[in-house]
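Here is the structure we will look at, set down as structure tokens.
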Amino acid sequence: MAQAKINAKMNDASKGKFARTISMADRSGQLLESLDQIETRVEALREEAAAMEQERECLIEMIQSIRNSQEMRSICDGEREELSLTASRLLDRTLTVSISVDTIRSDQQEEALRKATAIIDEIAGKVLEDTEGARKRLQALHAACVTDAPPVPLDQKFQSIVISCALEDQKKIKRRLQTLIRNMDNAEKNIQVMDKQKVDHSSLANGK
């Protein structure tokens with residue numbers, strides 16, 4: 001009889017312990033589920049912030065493109081001044097928006113980003129000295145950042161550096177190169193139009 005009571009108490013204790021274990025497992029599962037949901041929201045937040053950062057860059061580029069466009073040179077002084085003031089106001093308002101999405105990098109990724117940035121900065125600094133040479137080098141760097149077969153030779157050394165960068169940095173490097181090449185193309189078009197106008201005016205002045 002006494003043994004039966006002891007066994008019953010042991011069974012009750014075992015059941016209680018087992019019940020507590022299940023409760024702890026449930027609690028752990030709930031916490032894990034909450035953290036998974038938070039992680040999804042964190043990634044969505046970073047993606048939205050990165051998209052806003054790109055939109056800011058795009059707006060700045062568009063405003064500067066309009067300010068330097070041939071159309072601005074083709075209108076009367078009064079209208080040009082008014083539009084320039086509007087563009088400056090919009091640019092100032094855009095620059096008041098500050099967005100920062102930091103990237104977590106390893107030491108190797110930090111070094112790779114530093115090297116890639118230095119290479120691009122060096123070429124960008126020589127655009128005025130050798131525009132065509134700088135364009136070709138920028139195109140070779142950009143070709144190293146795309147997965148499709150590029151129409152121009154790619155810089156394999158730069159490609160190995162970019163591959164060592166964090167994924168977010170790889171996207172930013174590619175965007176920067178695209179912007180630099182696009183700005184050079186736009187500037188060249190404006191110069192060609194201005195040169196054509198100069199030739200046309202000279203022809204008119206000579207009665208041709």
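Counting only heavy atoms from C-beta outward, the side chains of I99 and V97 approach each other to under 4.5 Å. In this structure the side chain of L180 never reaches within 4.5 angstrom of the side chain of I123, judged on heavy atoms. At least one side-chain heavy atom of F158 sits less than 4.5 Å from a side-chain heavy atom of L177. The shortest distance between side-chain heavy atoms of E39 and L35 does not fall below 4.5 Å. In this structure, the side chains of S88 and R67 come closer than 4.5 Å at one or more pairs of heavy atoms. Using a 4.5 Å heavy-atom cutoff, the side chains of L95 and R56 are in contact. Annotation: side chain of R41 is not in contact with side chain of Q37 (no heavy-atom distance under 4.5 Å). Residues E61 and E57 have side chains not in contact (no heavy-atom distance under 4.5 Å, counting atoms from C-beta outward).
Enclosure of atom CD in Q54 by more than 12 non-hydrogen atoms of other residues, nucleotides or ligands within 6.0 angstrom is indicated. Other residues, nucleotides and ligands place no more than 12 heavy atoms under 6.0 Å from the CZ atom of R93. By the neighbour-count criterion of 12 heavy atoms within 6.0 Å, atom CD of E110 is densely surrounded, having more than that number from other residues, nucleotides or ligands. No more than 12 heavy-atom neighbours from other residues, nucleotides or ligands sit within 6.0 angstrom of CD1 on I104.
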Handout entry: Audit row: E129, K126, salt bridge (Lys or Arg N to Asp or Glu O under 4.0 Å) steps and yes/no
Key = CA-CA 5 Å; E129 299 176 13; K126 296 180 179 179; over 6 Å; no
Handout entry: Verdict with supporting geometry, E71 and I75, side-chain contact (heavy atoms from CB on, under 4.5 Å)
Key = CA-CA 7 Å; E71 287 80 1; I75 58 179; 6.0 Å; no
Practice task
For V162 and K174, run side-chain contact (heavy atoms from CB on, under 4.5 Å): C-alpha distance rounded to whole Å, both residues' side-chain angles, the deciding distance at 0.1 Å, then the answer.
Solution key: CA-CA 9 Å; V162 173; K174 180 181 176 181; over 6 Å; no
Exercise for the section: Check the pair S100, D102 against side-chain hydrogen bond (donor to acceptor under 3.5 Å, both in side chains), reporting the backbone distance first and the verdict last. Expected result: CA-CA 6 Å; S100 176; D102 293 334; 3.3 Å; yes
Practice task
Using the side-chain contact (heavy atoms from CB on, under 4.5 Å) rule, take Q170 and C165 through it: C-alpha gap first, then chi angles, then the decisive distance, then the call.
Solution key: CA-CA 6 Å; Q170 292 180 24; C165 293; 4.1 Å; yes
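With hydrophobic clusters built from ILVMFWY side chains whose heavy atoms lie under 4.5 angstrom apart, M72 does not share a cluster with L91. V101 and L45 fall into different hydrophobic clusters, where Ile, Leu, Val, Met, Phe, Trp and Tyr residues are linked whenever their side-chain heavy atoms come under 4.5 Å apart, directly or through other members. In the hydrophobic clustering of ILVMFWY residues, with side-chain heavy atoms under 4.5 Å counting as a link, L141 and V127 come out together. A continuous path of Ile, Leu, Val, Met, Phe, Trp and Tyr side chains, each step under 4.5 Å between heavy atoms, connects I119 with M184, placing both in one hydrophobic cluster. Under the 4.5 Å side-chain heavy-atom criterion for grouping Ile, Leu, Val, Met, Phe, Trp and Tyr, I63 is not connected to I66 through any hydrophobic cluster.
Atom CG in L154 sits 9.5 Å away from atom SG in C145 (nearest 0.5 Å). If you take CD on E111 and CD1 on I161, they are separated by 9.0 Å, rounding to the nearest 0.5 Å. Put simply, CD on E53 and SG on C58 are 13.0 Å apart, with the number rounded to the nearest 0.5 Å. Here R137 contributes atom CZ and I181 contributes atom CD1; the two are 12.5 Å apart, rounded to the nearest 0.5 Å. Between L32 atom CG and D36 atom CG the span is 4.5 Å, to the nearest 0.5 Å. Here the CD-CG distance, from E168 to L113, works out to 11.5 Å after rounding to the nearest 0.5 Å.
Across all non-hydrogen atoms, the minimal contact from T103 to R46 is CA-NH2, 4.3 Å. Nearest heavy atom pair, residue D121 against residue R176, reads OD1-NH2, 2.6 Å. Shortest non-hydrogen contact noted between S164 and Q108 is OG-NE2, 4.1 Å.
Of the possible polar contacts, one joining the S34 side chain to the Q30 backbone as a donor-acceptor pair under 3.5 Å is found. Here the side chain of T117 pairs no donor or acceptor atom with the backbone of R114 at under 3.5 angstrom.
With respect to the salt-bridge test (charged N to carboxylate O, under 4.0 angstrom), the residues D77 and R80 qualify.
No side-chain donor from either of T94 and D92 sits under 3.5 Å from a side-chain acceptor of the other.
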